[in-house]
K.L.:
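First the structure, then my questions, so here it is.
Quick note on labels: first sequence line is chain A, next is B, and so on, each numbered from 1. Worth knowing before you read on, the calculation uses all heavy atoms, side chains too, and leaves out hydrogens, waters and symmetry mates.
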There are 2 protein chains.
Amino acid sequence: MTVENWLKVLSDNGYRLTDSRRAVVEIVNDSSRAMTPLEVFDSARSSHPELGLVTVYRTLEKLEELHLIQRVHQPAGCQAFISARQGHQHMLLCQRCGQVTYFEGDDLDNLITNIADKTGYSIKEHWLQLFGLCAKCHSSNPNQVPGLFHS
Amino acid sequence: MTVENWLKVLSDNGYRLTDSRRAVVEIVNDSSRAMTPLEVFDSARSSHPELGLVTVYRTLEKLEELHLIQRVHQPAGCQAFISARQGHQHMLLCQRCGQVTYFEGDDLDNLITNIADKTGYSIKEHWLQLFGLCAKCHSSNPNQVPGLFHS
DNA sequence: TCTCTATTGAAAATCATTTTCAATTATAGA
DNA sequence: TCTATAATTGAAAATGATTTTCAATAGAGA
Ligand SMILES: [Mn+2]
Ligand SMILES: [Mn+2]
Ligand SMILES: [Zn+2]
Ligand SMILES: [Zn+2]
């Protein structure tokens, strides 16, 4: 989804298009890493110095509500957001550079049926996330201890 | 693991056994739901009224460090802790009552190999969590909208 | 252009968590 | 058992993140 798509969704849902929102949308839409509100703020201020952190929070809230972005849970914290994909998707996160790569084609049906049988639960949803090193980070220094995450 | 086991681990690691710690350990060890520091505090105070919330935070911190408990990530928040299992385990959470059930025997090797090939990532870890209704909650009212979680 | 109301950023408020600190207490050793 | 000592405690203060308040501003439809 492009910046223009996001702006159209905001507009179609009755939200006004302002410079502040455009600045936030441009940064978040473009990022392949999950960003915290403060990171978005710092980055967006280079093109829009009068932007307030409060507006970043408010814009991220709306983008999340419209399913344009989603919160990313990581060992080091769960405040960061990344551009969302449509439908059921999972992500793969680089423990060194933070790069997020979506993948599909997970086949958990057997696993889920088994667990449902064993436990008696009726299973409605699942979360699957993979962590590792992206090709670039892996080749640059495969043994370095990751710095982005604890534990 | 019993309360006594946990206390022994604390003691073996040079931590003193105090009434405050015992109160926290008893509550958390016994719970089959993930509990926030405030929930632990409220619950532990019935048997130990002079307990401070700070001590709950400090005790949970030590229990986590010793791998006796682990943080649980949920759509509604990521501040709750539950008794941990040894080794690689995953959990299944009831969206109505919060009950946590561990399961093993996930077979993600094929999936992970596929994704590694497709993406070029070197995959080190994974998170898998299932959400649904436990047998009890499902039979009592299978269609009710879950109240514990948002989104 | 004009009007109306959503949106803005600053400041204040709130909420969760951490730090500080002086008093207390668990525990190792005498 | 008694003592010395350092770990631990809870209250209060500090911090940090997020939310609310509010008066000024500015999109967007008429
Ligand atoms: Mn899936
Ligand atoms: Mn697994
Ligand atoms: Zn990387
Ligand atoms: Zn249940």
K.L.:
I want to confirm an ordering. Mapping B:S11 and A:E50 to their closest nucleotides on DNA chain C, which one lands closer to the 5' end?
P.N.:
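Per heavy-atom nearest nucleotide, the more 5' residue is A:E50.
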K.L.:
Looking across every strand, which nucleic acid part, if any, lies under 4.0 Å from B:L38 by heavy atom: base, sugar-phosphate, or nothing?
P.N.:
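Contact class for B:L38: none.
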K.L.:
D:dT8, C:dA11, C:dT17: which one has an atom nearest the side-chain heavy atoms of B:Y15?
P.N.:
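Nearest nucleotide to the side chain: D:dT8.
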K.L.:
How long is the line joining NE2 of A:H48 and P of D:dA26, in whole Å?
P.N.:
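In whole Å, D:dA26 P and A:H48 NE2 are 10 Å from each other.
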K.L.:
Counting heavy atoms from C-beta on, name the nucleotide in C:dA11, C:dA26, D:dA28 closest to the side chain of B:R16.
P.N.:
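Of the candidates, C:dA26 comes closest.
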K.L.:
What is the distance, to the nearest angstrom, from the CG atom on B:L17 to the P atom on D:dA7?
P.N.:
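Rounded to whole Å, this separation is 15 Å.
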K.L.:
Would you find a donor on one side and an acceptor on the other, under 3.5 Å apart, between the side chain of B:S47 and the backbone of B:A44?
P.N.:
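Yes; judged by distance alone, with no hydrogens or angles, the pair exists.
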K.L.:
Rounded to whole angstrom units, what separation is found between the CD atom of A:Q79 and the P atom of D:dT19?
P.N.:
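Distance check: A:Q79 CD to D:dT19 P gives 12 Å.
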K.L.:
Just to confirm, is there a sub-4.0 Å distance from OP1 or OP2 of D:dT9 to any side-chain nitrogen or oxygen of B:R21?
P.N.:
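Yes.
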K.L.:
Measure CE/B:M35 against P/C:dA16 and give the value in whole Å, please.
P.N.:
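Rounding to the nearest Å, CE of B:M35 and P of C:dA16 are 16 Å apart.
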K.L.:
Atom CZ of B:F41 and atom P of C:dC15: how far apart are they, to the nearest Å?
P.N.:
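Atom-to-atom, B:F41 to C:dC15, this comes out as 16 Å.
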K.L.:
Please state whether the rings of B:W127 and A:F131 are parallel, tilted or perpendicular, taking 30° and 60° as the class boundaries.
P.N.:
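Geometry flag for A:F131 against B:W127: perpendicular rings.
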K.L.:
When you measure from the side-chain N and O atoms of B:T18 to the phosphate of D:dT9, is any distance below 4.0 Å, counting only OP1 and OP2?
P.N.:
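B:T18 to D:dT9 OP1/OP2: side-chain N or O found under 4.0 Å.
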K.L.:
By nearest nucleotide on DNA chain C, pick out whichever of B:R22 and B:L53 is the more 5' one.
P.N.:
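Going by which nucleotide is closer to the 5' end, it is B:L53.
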K.L.:
Using whole Å, what does the distance between atom C1' of nucleotide C:dT18 and atom NZ of B:K62 come to?
P.N.:
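Distance, rounded to whole Å: 12 Å.
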K.L.:
Hey, is the main chain of B:L128 close enough, under 3.5 Å, to the side chain of B:H90 for a donor-acceptor pair?
P.N.:
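Yes, the answer is positive, given that a donor and an acceptor are paired below the 3.5 Å cut-off.
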K.L.:
Report the distance from atom CG of B:D12 to atom P of C:dA28, rounded to the nearest whole Å.
P.N.:
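Value for this atom pair: 11 Å.
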K.L.:
Rounded to the nearest Å, what distance is computed from the CG atom of residue A:L10 to the P atom of nucleotide D:dG27?
P.N.:
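Answer to the nearest Å: 15 Å.
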K.L.:
Taking the side chain of B:Y57 as heavy atoms from C-beta outward, which of D:dA26, C:dT18, D:dT9 is closest to it?
P.N.:
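Of D:dA26, C:dT18, D:dT9, C:dT18 is nearest to the side chain of B:Y57.
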K.L.:
One pair to check against side-chain contact (heavy atoms from CB on, under 4.5 Å): A:S140 and A:R96. What are the steps and the verdict?
P.N.:
CA-CA 11 Å; A:S140 74; A:R96 180 143 352 129; 3.4 Å; yes
K.L.:
Quick check on DNA chain D: between B:L51 and A:V54, whose nearest nucleotide comes earlier from the 5' end?
P.N.:
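That would be B:L51.
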K.L.:
Kindly point out which of C:dT8, D:dA7, C:dT19 is positioned nearest to the side chain of A:S20?
P.N.:
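Selected nucleotide: C:dT8.
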K.L.:
Spell out yes or no: do the side chain of B:R58 and the base of D:dT9 have one donor N/O and one acceptor N/O closer than 3.5 Å?
P.N.:
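There is none.
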K.L.:
Return yes if a side-chain donor-acceptor contact under 3.5 Å exists between B:N110 and B:T113, otherwise no.
P.N.:
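Looking only at side-chain atoms, B:T113 and B:N110 do not form any donor-acceptor pair under 3.5 Å.
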